[in-house]
K.L.:
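I have a structure I would like to understand better, so I am pasting it below and will then ask my questions one at a time.
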Amino acid sequence: SAVAAEPSKLPSSKFETEPTPPPPASSSTSWLASLIGSSAWACLAPKVTTGDEVISAPDAARESGSRPSLEVVAAAHEQFHRDSRQRLLELGYSKMEVALALDESNGDVDSALQFLQQSSTRPAPASLPAPTPCAVAGKFCTLCAADSTSIAGLTCLAMDSHFICGSCISTLTKRQIEEGSVEIRCPATSGCDSKPWSFAKIAQHVPDQVFNDLVSCRERQCERAYKAQEDRLRAEASRYAAPAYWSEPHPAGMRWRVVQVSRPEWAALAEVASLRPAHSLGGRDTRVLGSHTSFRLGQAWRIENRTLFAKYAAERERLKSAIAACAAQGRRAPRAELRDVFWQALGDLSTRLDSDVNELYLMHGTKPDIVLSVISNGLNERYSGGLFGHGTYFAEDLGKVDQYVTEDVKQGDHSELHSELYSVSGRHPGNVFYVFLCRVAFGYFCTTKNAKTDTSGSSIWSSDKRELAYIPGVAPPEPFHGLLGETGAVLQRYREFVTFHGDRIYPEYLLAYHRC
């Protein structure tokens, strides 16, 4: 429509328009663009039906000698859409497919064709228009030098517009299929950077069998891609999923449960409990004194708390990523080594652990009063403390954790606990003590003997006895993940393992043992 003029330039009648001198025919397209304010519209140059004659919209405007009315523009726009639909219908797509594609592409034919190629199968060969010579003067096939004016083929989409004859396209397509590729692009040796031809164009220049092979090759590629994606997702999920040897998921409303261990698990746990202590028993921290010299397993349970394990697994993956980042900067995490007889007694249990993150099975002694709290919520470093700060303490020797336990004498003394444990495993064995065998992601740890400095003399603390120092030479800063207390200074008999984050602990087994 005409753009309103300023008041001083309005014609005598507000209902009339000033005649505009007709432009030369060669500039009719740009002239129409200046009239209707859309260069894109002018470039389309749609046809308009005026009586029995079909002329272009620019010509209609030029011959009328005035600016085109809204009716003329609308008619031209509608005619153009009809022509666009017809072009796509000739390729074998249905009317519904074409209508949807044009709506999705705002009427742009090339975009509509791309949409159809991505969402439709190949049209029936009988519906495809026959290939026609490119008729590009002076163009010859890049591969066989055939003349483009007499042989059908394709020109590439690059600036050089290389011509490839139909026979060479078919040969090229076969070779690409053998190599497992579905992108058929210009093979010019001059380093052509043309985009691949669409399947719709390829289909017009290759035999049906070759095109079917190309489609099959693409389907195989998609299947492989889906399979690879599925494997990646499965591997990603497995890093956070509960162990495969656990029982079925809990019923709705149940956060956790304790189950009887399997026979192989019982054998390993019984051997761990019966190990001879590496040093003498008792000490200043012992809560219940005794004259015992060894231990024997009375009962054992596996704790299946999927929510708690998911938190642990997520933190384990974070530590693994942090350790890899440290290694990339030349700082390799030390390997944690446990007492030989303890490691051997674990047997197949140790094969479940991830050595890349120094995942360990370690023991933590406890009291009957807090067993259920630990099963439900995990171990909380805020309730712990000692020579090595406010962390959760572990040991590789039952002789060490035996100092921190209290006795569960008989059935009924701790009714809630007993109803959970002994309804699963049978009657209370009498006079037992409890210890957790925990998974601990010990990560990149530091070692100390005096609870103040590490083996290099640097302080082990960034926050006094609450958070460990940063790993030297690593950016961004990353604190040490665990603390190993070695014997020789403040510790005389047993090593201690300390972590300051509860998410790095999963209490997987509960052992009820006897002193002997």
Side-chain angles (χ1 to χ4, degrees), residues 44 83-98 100-102 104-105 108-225:
L44 293 175
D83 293 343
S84 301
R85 285 194 292 272
Q86 186 60 36
R87 287 174 56 192
L88 295 174
L89 289 170
E90 288 174 356
L91 290 175
Y93 297 104
S94 70
K95 291 182 178 180
M96 183 174 292
E97 287 176 319
V98 171
L100 175 62
L102 288 172
E104 289 289 333
S105 60
D108 182 79
V109 181
D110 290 335
S111 299
L113 182 57
Q114 291 179 6
F115 177 83
L116 288 167
Q117 292 166 358
Q118 294 170 2
S119 60
S120 302
T121 56
R122 184 201 181 194
S127 301
L128 290 171
T132 56
C134 289
V136 182
K139 287 287 185 179
F140 299 91
C141 178
T142 301
L143 298 181
C144 69
D147 189 350
S148 67
T149 60
S150 58
I151 298 178
L154 292 173
T155 54
C156 73
L157 306 178
M159 294 292 292
D160 293 336
S161 299
H162 302 110
F163 172 71
I164 314 295
C165 72
S167 176
C168 290
I169 291 171
S170 182
T171 303
L172 174 64
T173 302
K174 292 177 182 178
R175 185 167 68 245
Q176 292 296 97
I177 293 172
E178 291 174 356
E179 296 175 357
S181 173
V182 296
E183 290 192 346
I184 314 301
R185 62 176 73 237
C186 177
T189 57
S190 58
C192 180
D193 59 353
S194 172
K195 295 181 180 179
W197 286 296
S198 68
F199 269 40
K201 290 185 179 294
I202 295 295
Q204 298 180 52
H205 296 278
V206 300
D208 288 345
Q209 184 57 50
V210 175
F211 186 80
N212 290 337
D213 291 343
L214 182 63
V215 173
S216 297
C217 182
R218 180 169 67 174
E219 290 174 350
R220 290 193 297 271
Q221 276 193 351
C222 291
E223 288 174 2
R224 287 195 295 269

K.L.:
Find out whether L214 and V206 are in side-chain contact, i.e. whether some heavy atom of one side chain is under 4.5 Å from a heavy atom of the other.
P.N.:
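Of all side-chain heavy-atom pairs linking V206 with L214, none is under 4.5 Å.
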K.L.:
Minimum heavy-atom separation for F163 to I151, with atom names?
P.N.:
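Taking every non-hydrogen atom into account, CZ-O, 3.5 Å.
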K.L.:
C192 versus H162: any side-chain heavy-atom pair under 4.5 Å?
P.N.:
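The answer is yes, as the side chains (C-beta and beyond) meet within the 4.5 Å cut-off.
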K.L.:
Find the distance between CG (L154) and NZ (K201) and round it off to the nearest 0.5 Å.
P.N.:
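Result: 6.5 Å between the selected atoms.
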K.L.:
List the atom of I184, the atom of L172, and the distance in Å for their closest heavy-atom pair.
P.N.:
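It is CG2-CD2, 3.8 Å.
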K.L.:
Provide the closest heavy-atom pair for Q176 versus E183 in the form atom of the first, atom of the second, distance.
P.N.:
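Smallest heavy-atom distance, with atoms named: NE2-O, 3.3 Å.
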K.L.:
Looking at Q221 and S181, what are the two nearest heavy atoms and their distance?
P.N.:
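In this case the closest contact between Q221 and S181 is NE2-CA, 3.8 Å.
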K.L.:
Testing the basics here: between V182 and F199, what is the closest heavy-atom pair and its distance to 0.1 Å?
P.N.:
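Reported closest heavy-atom pair: O-CE1, 3.7 Å.
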K.L.:
Donor-acceptor check, side chain of W197 to backbone of T155, threshold 3.5 angstrom: yes or no?
P.N.:
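Answer holds: yes.
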K.L.:
Just so I know, are the side chains of P187 and I164 near enough to count as touching, which here means a heavy-atom distance under 4.5 Å?
P.N.:
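Touching, per the 4.5 Å side-chain cut-off.
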K.L.:
Just by modelled atom types, is the S167 backbone N or O under 3.5 Å from a matching donor or acceptor in the T171 side chain?
P.N.:
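Indeed, once roles are kept as given, a pair shorter than 3.5 Å links the two residues.
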K.L.:
When rounded to the nearest 0.5 angstrom, what is the spacing between NE2 in H205 and CZ in F211?
P.N.:
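H205 atom NE2 to F211 atom CZ measures 12.0 Å (nearest 0.5 Å).
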K.L.:
Considering all heavy atoms of both residues, which atom of C141 and which atom of C165 are nearest to each other, and what is their separation?
P.N.:
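Scanning both residues completely, I find the closest heavy atoms to be SG-N, 3.4 Å.
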